[in-house]
Undergrad: 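One structure, pasted below without further comment.
Atoms considered below: every heavy atom in the structure, side chains included; atoms not considered: hydrogens, waters and symmetry mates. Every chain is numbered from 1, with letters handed out A, B, ... down the list of sequences.
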Amino acid sequence: MAYSNKVLDHYNNPRNVGALDKHDPQVGTGMVGAPECGDVMKLQVKVNPATGIIEDAKFKTFGCGSAIASSSLATEMLKGKTVDEALEIKNTVIVSELALPPVKIHCSVLAEDAIKAAIADYKKKNSVGNHAAAQVAQ
Amino acid sequence: MAIKLPIYMDYHATTPLDPRVLDAMMPYLTTKFGNAASRNHSFGWEAEEAVETARKQIADLIGANAKEIIFTSGATESNNLALKGVAEMYAERGNHIITAATEHKAILDTCKRLEKHGCRVTYLPVTASGLIDLDMLRESITDKTILVSIMYANNEIGVIQPVAEIGKICKQKGVLFHCDGVQAVGKVPVNVIQDNIDLLSLSGHKIYGPKGVGALYVRRRNPRVQVTALMDGGGHERGMRSGTLNVPGIAGLGEACALCRKEMAEESARLGALRDKLKDRLAASLDEVYINGTMESRLPNNLNISFAFVEGESLLMGINDIAVSSGSACTSATLEPSYVLKALGAGDDIAHSSIRFGLGRFTTEEEVDYVADKVIDVVRKLRELSPLYEMFKEGVDLSKVQWAAH
Ligand SMILES: Cc1ncc(COP(=O)(O)O)c(C=O)c1O
Ligand code: FES
């Protein structure tokens with residue numbers, strides 16, 4: 001299969017690879033997928049509790065090149081967004097940004113799921129999270 | 001010496017035509033264009049002579065008689081002809097066929113179709129070695145069994161089944177033995193007499209011959225085997241396969257077999273040493289690598305290896321100047337990991353991380369070194385990216401983790 005240049009770029013130069021301290025209350029960690037399915041994504045966000053803004057994001061991914069590119073792109077998109085803005089990120093944005101073919105759409109879905117899981121973990125750890133959730137509900 | 005990229009290391013998928021094979025074919029693609037069935041003029045005679053020469057060359061490679069070779073369009077057709085042809089010809093004797101879970105799709109899907117037409121098929125499992133259990137085979141044979149079809153060597157993991165023992169069991173029990181010899185013929189010694197094989201499939205393009213031509217060996221004595229033809233027509237090939245013969249293809253297949261016969265011993269020793277070098281270099285530089293299938297009984301040119309915590313397609317992407325294949329689901333149209341690797345019982349994650357290296361006649365030591373360096377480099381890079389490798393390094397038992405299913 002031919003990969004888009006964007007996918008190749010993220011694969012060759014993945015952004016924000018690494019790990020944040022998962023015990024830090026400011027850090028939310030999401031891990032989705034399963035080794036048997038051939039894809040596991042770990043995505044972490046570090047949130048400024050005062051502003052609710054995501055100041056750092058890191059990922060590690062076991063999966064195809066499109067899955068690696070999707071999670072790499074996701075970390076780029078996350079930085080600077082508020083927690084609530086982050087929840088608005090849809091996989092379709094990743095699909096169009098990376099020009100993913102139909103068979104690779106599930107890789108972008110996994111990235112969206114990883115974002116949601118990381119934010120949910122952050123919210124669970126923090127009362128600030130509950131406050132933010134309330135704002136979303138308004 | 002600078003090596004030429006990309007490097008082809010997928011010789012189980014197909015092989016390039018040996019230039020000597022092309023030379024043997026050329027006259028029949030140009031001036032000697034006759035129909036081998038034309039009995040009345042020299043054009044027909046020279047075509048027929050080429051076909052009979054090839055028949056003899058093929059027979060010599062597998063210990064058969066030239067009269068026992070039926071030409072086909074390739075091994076897919078040979079396998080179909082063997083299974084469907086025997087099922088129909090011997091329908092009065094029984095309707096039970098035994099095969100193995102790791103066979104090529106040309107066998108498995110043919111069996112699936114036969115099941116729809118009233119046959120009963122037993123799919124033998126394999127052990128972690130990739131080999132069938134002979135006792136299980138023995139016990140599976142009933143008075144309704146007409147055919148056992150087990151491949152010689154597997155196309156993904158290269159393991160060689162105990163063919164001589166299988167042949168002996170079939171002979172004792174009086175059932176026919178078909179063997180898909182596509183990956184083994186020309187690579188390791190195959191002898192239909194010693195192995196008690198009744199039908200043997202082979203293919204031109206796996207042995208440096210042309211694509212679209214193959215053969216089925218059909219035993220003529222002890223016992224005399226017959227198959228019902230798949231197609232109706234002019235009654236060529238002793239009535240078992242109608243259709244004007246592909247003379248250039250057949251001449252090429254014959255020459256390819258003659259070359260294999262002459263060079264097999266030397267070539268397999270050379271490729272075995274190169275394959276072992278590749279394996280040893282990868283295993284020395286990387287932790288957590290697993291060989292799929294036994295090394296004890298294996299084609300000399302095959303290495304199927306899993307790099308744990310690295311997904312196969314992402315690895316292929318990083319080594320894109322090397323042509324190999326993976327059992328990973330992400331590389332397959334169905335998004336299912338390799339059924340062959342799953343049958344070994346090692347777990348789907350091992351299948352997702354597998355790479356098949358197939359070495360061949362034109363593989364050089366420089367290429368092997370380049371491939372080893374590159375694979376080691378990319379596996380290391382991808383493990384830096386792998387959450388699973390990180391967890392493994394932290395001492396997490398991955399089999400105990402509750403994964404969020406999706
Ligand atoms: C074991 C085995 N059987 C059958 C086939 C089919 O052969 P052909 O491509 O000649 O139809 C192949 C090749 O893909 C094979 O590896
Ligand atoms: S992770 Fe399997 S196709 Fe992307």
Side-chain angles (χ1 to χ4, degrees), chain A residues 1-4 7-20 22 29-44 58-72 75 91 101-107 109-114 116-118 120-121, chain B residues 288 306-320 325-338 341-342 346-354 377-394 396-406:
Chain A
M1 180 188 318
Y3 301 97
S4 71
V7 169
L8 285 171
D9 179 38
H10 278 279
Y11 174 86
N12 289 320
N13 309 292
R15 330 286 201 262
N16 307 308
V17 176
L20 301 170
K22 58 175 173 276
T29 302
M31 178 124 77
V32 295
E36 295 74 37
C37 306
D39 40 36
V40 176
M41 249 178 221
K42 191 183 85 164
L43 201 139
Q44 295 182 301
K58 296 272 185 211
F59 85 96
K60 284 201 179 189
T61 290
F62 164 83
C64 72
S66 304
I68 290 171
S70 296
S71 38
S72 170
T75 57
N91 81 295
V103 294
K104 296 296 180 185
I105 287 176
H106 76 270
C107 314
V109 172
L110 206 61
E112 183 187 319
D113 289 350
K116 296 219 156 64
D121 182 57
Chain B
E288 298 298 306
S306 288
F307 303 94
F309 319 120
V310 171
E311 194 283 316
E313 191 193 301
S314 66
L315 178 49
L316 293 190
M317 204 170 155
I319 56 171
N320 61 359
S325 57
S326 168
S328 149
C330 306
T331 63
S332 83
T334 56
L335 293 179
E336 275 295 316
S338 153
L341 295 175
K342 282 173 77 158
D348 281 8
D349 46 337
I350 285 295
H352 287 295
S353 302
S354 71
D377 187 50
V378 175
V379 168
R380 283 189 178 139
K381 183 185 142 205
L382 289 170
R383 281 182 173 172
E384 284 296 305
L385 276 181
S386 170
L388 302 179
Y389 191 63
E390 178 183 79
M391 291 165 82
F392 166 75
K393 283 290 175 191
E394 286 168 358
V396 177
D397 181 351
L398 292 174
S399 66
K400 301 242 154 58
V401 176
Q402 282 282 319
W403 299 101
H406 66 289

Undergrad: On the ring face of A:Y11, is B:K381 found with NZ or CZ under 6.0 Å from the centre and within 45° of the axis?
TA: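 The answer is yes; both the distance and angle limits are met.
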Undergrad: Highest number of heavy-atom pairs under 4.5 Å with chain B: which of A:S72, A:S71, A:P14, A:P35?
TA: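 The option with the most such pairs is A:P35.
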Undergrad: Could you tell me if the side chain of A:V7 sits less than 4.5 Å from the side chain of B:M317, heavy atoms only?
TA: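 Yes; the side chains approach each other to less than 4.5 Å.
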Undergrad: Which one, A:V40, A:N12, A:V17, leads in non-hydrogen pairs under 4.5 Å with chain B?
TA: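 Greatest number of close heavy-atom pairs with chain B: A:V40.
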Undergrad: Using atom types as modelled and distance alone, determine if a side-chain donor or acceptor of A:E36 lies under 3.5 Å from a backbone N or O of B:D348.
TA: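 The answer is no, because no donor-acceptor pair under 3.5 Å joins these two groups.
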Undergrad: Can you see which heavy atom on A:G65 is nearest to which on B:E313, and at what distance?
TA: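 Shortest heavy-atom separation between A:G65 and B:E313 comes out as N-OE2, 4.3 Å.
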Undergrad: Any ion pair linking A:K60 and B:E384 (charged N to carboxylate O, less than 4.0 Å)?
TA: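 Judged by the 4.0 Å cut-off on N to carboxylate O distance, B:E384 and A:K60 do not form a salt bridge.
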Undergrad: Run B:L382 and A:F62 through side-chain contact (heavy atoms from CB on, under 4.5 Å) and show every step you take.
TA: CA-CA 8 Å; B:L382 289 170; A:F62 164 83; over 6 Å; no
Undergrad: With a 4.5 Å limit on heavy-atom distance, are the side chains of A:T61 and B:S386 in contact?
TA: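 Result no, sub-4.5 Å side-chain heavy-atom pair not found.
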Undergrad: Report yes if the side chains of B:E390 and A:K42 come closer than 4.5 Å at any heavy-atom pair, otherwise no.
TA: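 Yes, at least one pair of side-chain atoms sits under 4.5 Å.
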Undergrad: Rounded to the nearest 0.5 Å, how far does CG of A:D39 lie from CG of B:L388?
TA: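 So the gap between those two atoms works out to 10.0 Å.
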